[in-house]
Peer 1: 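First the structure, then my questions, so here it is.
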Amino acid sequence: MRKITPAALLAASFVASASAAAETTALQCGEVFDSKSARLVGARTLVVADGRINQVLPGRAAVPGASVVDLAGHTCTPGWIDLHVHLSEESNPDSYEEEFRLDDTDFAYRSVGFAEKTLLAGFTTVRDLGGRVSIDVRDAINQGLIKGPRVFAAGKSIATTGGHGDPNNGLNSRLSEALGPPGPTEGVINGVDDARQAVRQRYKDGSDLIKITATGGVLSYATSGDAPQFTVEEIRAVVDTAHDYGYTVAAHAHGKEGMRRAIEGGVTSIEHGTYMDEEIFALMKKHGTWYVPTISAGKFVAEKAKVPGFYPEIVRPKAARIGAQIQDTFGKAWRAGVKIGFGTDQGVALHGDNALEFGFMVATGMPAATALQTATVNAAQVLGVTDIGQLEPGFRADVVAVPGDPLTDIALTSKVDFVMKDGVVYRQP
Ligand SMILES: [Zn+2]
């Protein structure tokens with residue numbers, strides 16, 4: 001077997017990208033969804049070179065020298081963005097035990113398939129909000145070693161002692177004593193100095209953003225899913241330090257008081273937001289805070305709570321109660337005018353099923369075009385990225401095509417026929 005040195009790999013990937021750069025691809029779309037105006041604008045030809053959209057021509061135009069992809073009868077939309085996934089894992093009845101049994105290597109191998117499923121489902125960009133190998137998965141995708149979406153990784157989420165994301169939760173006292181209390185390096189803080197250190201550690205780890213767990217969580221080995229777990233001062237210290245590094249901050253939150261503190265502390269987005277009410281809607285609008293609902297996760301855990309043994313008994317009542325609530329809260333929040341970004345929490349539910357979230361949104365009365373905006377223009381804003389989420393010249397060539405009109409049948413988003421990311425085709429009719 002030939003030995004491949006890192007230098008040879010680098011050279012090989014350089015040659016591949018150089019030859020791709022010379023090519024021009026013409027995507028002849030039967031229809032195009034304009035994510036800014038939320039309308040279908042008719043047939044268009046997207047001319048792609050160097051991983052970007054160079055030109056958008058009216059109709060199905062001939063482009064001399066370009067390789068043509070015929071997408072007649074299809075609607076092209078910008079590649080979708082899921083703002084809340086966990087590529088390192090996928091829940092199953094053994095998840096709690098696997099934490100003790102498996103190594104990061106095991107999780108990494110599993111994540112290869114999860115990343116590919118996500119991309120082939122039309123999600124060309126994701127925000128990974130915590131997982132043992134998410135930063136490494138991102139790097140492997142960027143190096144072209146595995147197929148997957150563009151990943152913005154939070155790395156280890158930041159929690160407080162005993163909170164959602166304290167890695168020692170549920171350990172017996174001997175193990176807990178042997179390991180000692182986790183600190184900012186492991187993502188557990190108590191006080192503002194710890195908060196700053198934890199953010200700086202994420203920077204050192206190579207994170208792209210910060211995730212905090214502002215309240216208890218459904219799946220953590222603890223009784224409360226909604227109690228506040230940070231002080232406002234701790235959240236402010238996280239947010240201020242995050243800004244030093246150009247980071248946004250995503251806050252997991254179910255209970256109202258924890259959400260209030262997170263919003264006032266200046267976080268970018270509230271994840272889940274289960275027990276939001278009119279008062280919180282108003283506060284979010286005042287602060288310009290985004291809401292990432294993750295209805296998919298709610299539905300999945302409420303369903304699995306009925307299966308004996310799927311979750312530990314300490315988790316089961318939380319999953320049944322909180323899970324069932326999220327879709328209802330989402331419906332009220334968007335009607336109240338809260339800004340919505342698309343997120344599923346996949347890894348709780350199944351990777352590759354991300355597009356089901358569109359249907360869950362539309363079921364509450366949200367127009368399909370608005371739902372598509374949450375995963376395109378809106379999600380790009382949440383990420384603070386200006387060259388994804390639109391099919392316009394200069395934008396990255398992230399394109400998804402579905403057969404027919406997704407504005408009249410949102411279920412078509414689960415029938416993706418074509419996926420391009422950075423100008424590279426990963427799925428074709
Ligand atoms: Zn999550």
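Numbering of ligands and ligand atoms starts at 1, following listing order. Reckoned from all heavy atoms, side chains included, excluding hydrogens, waters and symmetry mates.
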Peer 1: Cation over ring, Lys147 on Tyr426, under 6.0 Å and within 45°?
Peer 2: no
Peer 1: Mind checking whether Arg261 and Phe230 have side chains closer than 4.5 Å, heavy atoms only?
Peer 2: no
Peer 1: Looking at residues at least two apart in the chain, or sitting in another chain, which of them share a salt bridge (charged side-chain N to carboxylate O under 4.0 Å, His left out) with Asp277?
Peer 2: Lys256
Peer 1: Do the side chains of Arg150 and Asp398 get close enough for a salt bridge, i.e. N-O under 4.0 angstrom?
Peer 2: yes
Peer 1: Near the Zn ion (ligand 1), which protein N/O/S atoms are found at less than 2.8 Å?
Peer 2: His84 NE2, His86 NE2, Asp345 OD1
Peer 1: Parallel, tilted or perpendicular, judged at 30° and 60°: which one describes the rings of Tyr96 and Tyr311?
Peer 2: perpendicular
Peer 1: Arg138 and salt bridge (Lys or Arg N to Asp or Glu O under 4.0 Å): which single residue from Asp128, Asp205, Asp208 fits?
Peer 2: Asp208
